[in-house]
There are 2 protein chains.
Amino acid sequence: MSSSNTISHEIAAILRDEILQQRYRSGERFPSERDLAARFDASRGAVREALSQLEQLGLIRTQPGGARVQSVKSASLAVLGPLMALGDYPDPLLVDQFLQAFSVLTAMTAKNAVVAASPEQLIQLKKLVAELAAEAEDFEAMQPHWRALLEAMSAIADNLVVRLIGNDLKAQFVDQMIELGIRPDLRAGSIDKLLSSLRVSLNKQDGELASQAMQDHFVELREAVGEALRFRADELSIRVAN
Amino acid sequence: MSSSNTISHEIAAILRDEILQQRYRSGERFPSERDLAARFDASRGAVREALSQLEQLGLIRTQPGGARVQSVKSASLAVLGPLMALGDYPDPLLVDQFLQAFSVLTAMTAKNAVVAASPEQLIQLKKLVAELAAEAEDFEAMQPHWRALLEAMSAIADNLVVRLIGNDLKAQFVDQMIELGIRPDLRAGSIDKLLSSLRVSLNKQDGELASQAMQDHFVELREAVGEALRFRADELSIRVAN
DNA sequence: CACATTATTTGGTCAGACCAAATTGGTCCG
DNA sequence: CGGACCAATTTGGTCTGACCAAATAATGTG
């Protein structure tokens, strides 16, 4: 998947996953380029391009004399997507950690967006909230609107740092969830509460309220996602048992 | 600097900075590999390895027929370090955005660390706070202890996502600040207030308090850093004027 | 002028070669 | 026997030149 149909990307993806699966101990010598070329039946150039990508991800460090594997903990954020996509289903702990980090950043974005929005932008946000409300029943149908709202807020808040963090995470995460058919079962009224709080915060231009509403919503979302993943894990282990 | 003494890294660094400086319009065709090889008097292989890195950073997208420049807004977080290091001094707005994002993540980490800490870890944290207090007068001398405290909290909170985000940012940012001699002038008592709040939060194991203390501290830090950067900007423009 | 076809450019890959740095292994000496 | 020194080997870094397939640009044709 996502191998981008070139040999070097394929090799990079395979090696990346092997490292993320802890198949090499941190600090251990990585196979030599010539060995890898033989293993993948590719030229050394292709292998070198793959290693160049792994190095950019912070997964290996190359030196004349040999490359060495680095700790995943010291890698770049860009490994998170592949890391979540490793097993049959994402590691619940990792997903929760992601949602927690995403939560505070989203809350911050909401606050800044509401405070910084021009009158026109406030109207736009209200419109997006209304559109979201119209589809609040179906989790999956809601996603595009949800994402549009976050995108609009992100654009208004205009924090490049947060935007870049989002790039490395958002799409990969949400897409994977949907692809796996994991649909968190939010408590009835949870969305309504969020939306009504957002409406009020937009009317009063109250950033704190918007922030708090997001935080509260994510608390519930984290719980629901955790529940869905646990259910999924059981389902899988049952299937394996048969 | 940081060109890692290999040709391909040097080329990658130069092209990266050119893209970050908006010297190419987003969507524009990037020079061909053969042209770049001629320009840098290098082999096509070396250029390809450089482009491979740029692609991993999300700055370009390559296809048979030609590579195209992508919007910085859609790049990977790993470009932030280079982005801040571009001009003579960092863009104050970007620094503030960074600090704001770092603020909420740090507050979250502090909260989780305080809540999750074992008795031994609480003692360790208290010790680190005490060591920090001992050097609270000198901003520069304080940094190693400050970083040690954050590192310890990060280890206890054990959120891989936040850790990875930190990897792409922390070191580069702080180092650059110090290197440029930018020393934010924190209000007297600001540090004391933070430290005493932290002490209380550790004693009561009150996560919310720790979080709030961090947030408050960062508000002041952001102001002080902004002030220091404005001063620095004036200094530079005076020097240029002469 | 619109469209289909050809020619050219460009990225992707391969092969073989050379250099310099790092590692390895052996040797010599204390 | 142990440690320090030195050569042989491994390994990454780079270059040259070549071929293919996809995308683009140029061309000719209706």
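Residue numbers start from 1 in every chain, and the chains themselves are labelled A, B, ... in the order their sequence lines are given, proteins ahead of strands.
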Above 12 or not: heavy atoms from other molecules or residues under 6.0 Å from CG of A:Asp41?
no

Looking at B:Arg61, I want to see if its CZ is surrounded by more than 12 non-hydrogen atoms of other residues, nucleotides or ligands under 6.0 Å.
no

Taking atom [atom1] of [X] and atom [atom2] of [Y], what is their separation to the nearest 0.5 Å?
| X | Y | atom1 | atom2 | value |
| --- | --- | --- | --- | --- |
| A:Arg23 | A:Leu15 | CZ | CG | 10.0 Å |
| A:Ile7 | A:Glu49 | CD1 | CD | 11.0 Å |
| B:Gln97 | A:Asp158 | CD | CG | 6.0 Å |
| A:Met153 | A:Gln124 | CE | CD | 10.5 Å |
| B:Arg147 | B:Leu132 | CZ | CG | 13.5 Å |
| A:Ile165 | B:Leu105 | CD1 | CG | 6.0 Å |

For residues 33-45 of chain B, which residues have at least one heavy atom under 4.0 Å from DNA chain C?
B:Glu33, B:Arg34, B:Arg44

Heavy atoms only: give me the nearest B:Phe139-B:Ile182 pair and the separation to one decimal.
CE2-O, 4.4 Å

Would you check if there is a donor-acceptor pair between the side chains of A:Ser76 and B:Asp168 at a distance under 3.5 Å?
yes

Table of protein N/O atoms under 3.5 Å from nucleotides 22-24 of chain C N/O atoms:
{"residue": "C:dA22", "atom": "O4'", "partner": "A:Pro64", "partner atom": "O", "Å": "3.0"}

Do the side-chain N or O atoms of A:Ser8 get closer than 4.0 angstrom to the phosphate oxygens (OP1, OP2) of C:dG12?
no

Specify the separation, in whole Å, of atom CZ of B:Arg48 and atom C1' of C:dT13.
8 Å

Which two nucleotides bound the region of DNA chain D that has atoms under 4.0 Å from heavy atoms of chain B, read 5' to 3'?
D:dG13 to D:dT24

